[in-house]
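Data block below; observations after.
Throughout, a chain's letter reflects where its sequence line sits, starting with A, and its residues are numbered from 1.
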Number of protein chains: 2
Amino acid sequence: MNQEIWTIGELARTFGITTRAIRFYEHEGLLHPERDGQTRIYRPRDRVRLKLILRGKRLGFSLSESRELINMYSPDADNRDQLEALLDKIDDRRRQLEQQKRDIAAMESELNEVEQRCRDALAERA
Amino acid sequence: MNQEIWTIGELARTFGITTRAIRFYEHEGLLHPERDGQTRIYRPRDRVRLKLILRGKRLGFSLSESRELINMYSPDADNRDQLEALLDKIDDRRRQLEQQKRDIAAMESELNEVEQRCRDALAERA
DNA sequence: TTTGACCTTTACGTAAACGTAAGGCTTGTT
DNA sequence: AACAAGCCTTACGTTTACGTAAAGGTCAAA
């Protein structure tokens, strides 16, 4: 398991997803595993991509958003316009992450309130 | 606009969504506006709920997850078991938010790296 | 009075993200 | 030799979260 290649089933077990999901990500152009005959072979590169996809999902990203992010990490930008467009996208993402941090903070403080009320109710009935 | 009641169209404009979406949230049991004849009337309570729904969406929550959260805020829990189940749910949510914060931090540092490489590439071609 | 801007319900359509067979090839084990 | 495990492709089904008409009621301004 500590090697540099994995089967689709190994990755599925590792990340708690189905092989169907992994094949679907490939179909959507997010993964490009090699092949040994028919069988897919996953190297660290695609394993990292899979991690990025799952992280994106935990943050509510769609697969196409994750694809854009992944493409940002391995950019094919070679002219000034593309590079500046990339910088703009980076800023957009940052702004979204800032918004998410605000949302998380708000939700956390509300959870604190609810917990307090909940504990008060439990104390009353003691 | 600074009153205590709103129409569905006003809310839609305010939050940049469609009236269809708002009606859908009601159909899914997340909103319960009053009626003036046929016409829906929204008071602060449902406006707050709508805000919570949209915040949940920004964090990648499904509507049923948002519904659960909203129900946590206005709990009908009256016995010990329900209250303790509620505390467990609060803990689950907190853990998820912690994970999201880690994910955001990782993504931010990666965005920093990409930006740096991007700026380097722009400098080279100056 | 008729037009426009709202509101309503009902209902079919759609994109995303897989789930779930069905059928078949390979390969190691009993 | 036969069976289980794991891989493959193809393809139809499902859930979520709305979009998009269609058909109609209300009400104020022109």
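Among the nucleotides D:dC18, C:dC7, D:dC7, the one closest to any side-chain atom of B:Lys57 is D:dC18. Of the candidate nucleotides C:dC18, C:dC7, D:dC18, C:dC18 has the atom nearest to the side chain of A:Phe24. Considering only the side chain of B:Thr39, C:dC7 comes nearest among D:dC8, C:dC7, D:dA17. Of the candidates C:dT8, C:dC18, C:dG19, the closest approach to any side-chain atom of A:Leu63 belongs to C:dC18. For A:Ile8, counting side-chain heavy atoms from C-beta on, the closest listed nucleotide (D:dC8, D:dC18, C:dC7) is D:dC8. Minimum atom distance to the side chain of B:Gln38 is reached by C:dT9, of the listed D:dC8, C:dT9, C:dC18. With D:dC7, D:dG19, D:dA17 as the choices, the nucleotide that has an atom nearest any side-chain atom of B:Arg20 turns out to be D:dG19.
Spacing between atom CG of A:Leu31 and atom P of C:dA17 amounts to 14 Å, rounded to whole angstrom units. One atom, CD of A:Glu68, and another, P of C:dA16, lie 15 Å apart when rounded to the nearest Å. Whole-Å rounding puts the B:Ile41 CD1 to D:dT26 C1' distance at 14 Å. Atom pair B:Arg35:CZ and C:dT8:P shows a separation of 7 Å (rounding to whole Å applied). As a whole-Å value, the separation of A:His27 NE2 from D:dC12 P is 14 Å. Rounded to whole Å, the distance from CD on B:Glu34 to P on C:dT8 is 14 Å. Atoms CD1 (B:Ile17) and P (D:dA17) sit 14 Å apart, rounded to a whole Å. Whole-Å rounding puts the A:Glu10 CD to D:dC7 P distance at 8 Å.
At the heavy-atom level, A:Tyr25 lies under 4.0 Å from the strands shown only through sugar-phosphate atoms. At a threshold of 4.0 angstrom between heavy atoms, the contacts of B:Thr7 are confined to the sugar-phosphate backbone, with no base atom among them.
Taken to the nearest 0.5 Å, the CG atom of B:Leu59 stands 10.5 Å off from the CD atom of B:Glu65.
Within the structure, every side-chain polar atom (N or O) of A:Arg23 is placed at least 4.0 Å from both OP1 and OP2 of C:dT20. Taking only side-chain nitrogens and oxygens, B:Thr18 comes nearer than 4.0 Å to OP1 or OP2 of D:dG19. Here B:Arg40 does not reach the OP1 or OP2 of C:dC7: none of its side-chain N or O atoms lies under 4.0 Å away. Contact annotation: A:Arg13 does not reach the phosphate of D:dA5 (side-chain N/O to OP1 or OP2, under 4.0 Å).
Judged by distance alone, the side chain of A:Gln100 and the main-chain N or O of B:Arg58 form a donor-acceptor pair under 3.5 Å. A donor-acceptor pair under 3.5 Å is absent between the side-chain atoms of B:Glu84 and the main chain of B:Asp81, judged by distance alone.
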- Begin with the C-alpha distance, continue with both residues' side-chain angles, and end with the deciding distance and a verdict on side-chain hydrogen bond (donor to acceptor under 3.5 Å, both in side chains) for B:Gln96 and B:Arg93. CA-CA 5 Å; B:Gln96 189 195 335; B:Arg93 278 300 150 204; 2.3 Å; yes
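Taking 4.5 Å as the limit, every side-chain heavy atom of A:Arg43 sits out of range of all side-chain heavy atoms of A:Trp6.
Exactly one residue among A:Arg20, A:Arg40, A:Arg67 makes a salt bridge (charged side-chain N to carboxylate O under 4.0 Å, His left out) with A:Glu26. That residue is A:Arg40.
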